[in-house]
Chemist: 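This is the structure I have questions about; it appears just below.
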Amino acid sequence: MSKIVIANWKMNPQTLVEAENLFRASSGAVVCPPFVYLEELAKIDSGAVLGAQDIAVSDEPGQTGEVSGEMLKQLGAKYVIAGHSDRRWKLGESDETVNKKLKEVLEHELMPIVCVGEKSRDSDFKMFLQNQVSLTFSGLTKEQIEKCLIAYEPVWAISTTPGSRSDTPESAIESIKIIKEVLVENWKLEIGNLSFLYGGSVISTNARDFLSLKEISGVLVGGASLDKEEFKKIIDISLNV
Ligand code: 13P
C-alpha cells in the first residue's frame, strides 16, 4: 500500500513566490500551506494536493479572522489539519474546540488530518493520550473516525520545541497502540480500518524508519518540508518502502 507524505508548512514561507517554488517541488505529497497561499497554489499543476492547516468551528459568519470549511473547499483544499499541537498548546485550543473543528471538516466532506500527542513523555502520558483521544473524537461515529488520518505527533518531538528529538519508531508504535485501544474499546472500530501518521522531526535520514512500518500509513512533516531537496527525498522514500 502506498504511503502518504503531508507537508505542514506552518507559518512559512514569507512570500508567495517562495510558496509557489516549494509547491512545484512537492509532487506526490499533500501540502498544507498558510491559508493566504491556497488560492494561488491551487492554480499550479504541481502533482501535489492541497490541505489547510485549520478550519473555523462553524460557518457562522461572526468569527473575525477565521476561515470556513466552505471557503476552504472553494479554495481547492482537499485535506484539513485539526488539532495541531501548535494550536492546542501555543494558541490555547481546547479538546472541545478541536472536536468541533473535526466535525466541521467531516461536514464539508474534506479529509481530516487529526493531530494528537502528549506534551511530555512522563509517567502520566498514557492517561493524557487516552483522555485527549476520547475528547477529540467525542460524538463521532465509527464511520467518521474511519475517514480520519490520525497523526500521532508528540509535542516533545516537534523540531520547533526546544530540546526536541525525533521519537523512536518503537515508542511511536507504543503510543499508536494506546490510541488504537481507546478507539477500538469506545467505538468498536476495527484496527485495520484506522490510518495513523507519525509526525515530529521527520527528515530524510529517519523517514524510512517510520514509513516502512505497517502500523504507519504516512508522515506529517514540518521543517523538512520547507527544504525542496530534503522533502523530495522523503517523498521518494515513501514511494519505495
Ligand atoms: P517538524 O517536522 O518540524 O518536527 O514538525 C512536525 C509537525 O509539527 C508537523 O505538523
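Both counts, for ligands and for their atoms, begin at 1 and track the order of listing. Keep in mind that this is a model prediction, so the values were computed, not measured.
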Chemist: Any side-chain donor paired with an acceptor under 3.5 Å for Arg208 and Ser238?
Modeler: no

Chemist: Every pair of nitrogen or oxygen atoms between ligand 1 and the protein that is under 3.5 angstrom apart - can you list them with their distances to 0.1 Å?
Modeler:
| from | atom 1 | to | atom 2 | distance (Å) |
| --- | --- | --- | --- | --- |
| ligand 1 | 2 (O) | Gly222 | N | 2.9 |
| ligand 1 | 3 (O) | Ser159 | OG | 2.4 |
| ligand 1 | 3 (O) | Gly223 | N | 2.8 |
| ligand 1 | 4 (O) | Ser159 | N | 2.7 |
| ligand 1 | 4 (O) | Ser159 | OG | 3.4 |
| ligand 1 | 4 (O) | Ser201 | N | 2.7 |
| ligand 1 | 5 (O) | Lys10 | NZ | 3.2 |
| ligand 1 | 8 (O) | Lys10 | NZ | 2.8 |
| ligand 1 | 8 (O) | His84 | NE2 | 2.8 |
| ligand 1 | 8 (O) | Glu153 | OE1 | 3.3 |
| ligand 1 | 10 (O) | Asn8 | ND2 | 3.0 |
| ligand 1 | 10 (O) | His84 | NE2 | 2.8 |
| ligand 1 | 10 (O) | Glu153 | OE1 | 3.2 |
| ligand 1 | 10 (O) | Glu153 | OE2 | 2.9 |

Chemist: Please give the remaining members of the hydrophobic cluster of Ile191, linking ILVMFWY side chains under 4.5 Å, ordered by chain and number.
Modeler: Val184

Chemist: In terms of hydrophobic clustering (I, L, V, M, F, W, Y; side-chain heavy atoms under 4.5 Å; direct or indirect links), are Phe196 and Phe137 co-clustered?
Modeler: yes

Chemist: Consider only side-chain N and O atoms of Ser58 and Gln63, and report whether a donor and an acceptor are under 3.5 Å apart.
Modeler: yes

Chemist: How would you list, by chain and number, every residue that makes a salt bridge (Lys or Arg N to Asp or Glu O under 4.0 Å) with Lys214, sequence neighbours excluded?
Modeler: none

Chemist: By the rule that ILVMFWY residues connect when side-chain heavy atoms come within less than 4.5 angstrom, directly or transitively, which residues belong alongside Val17?
Modeler: none

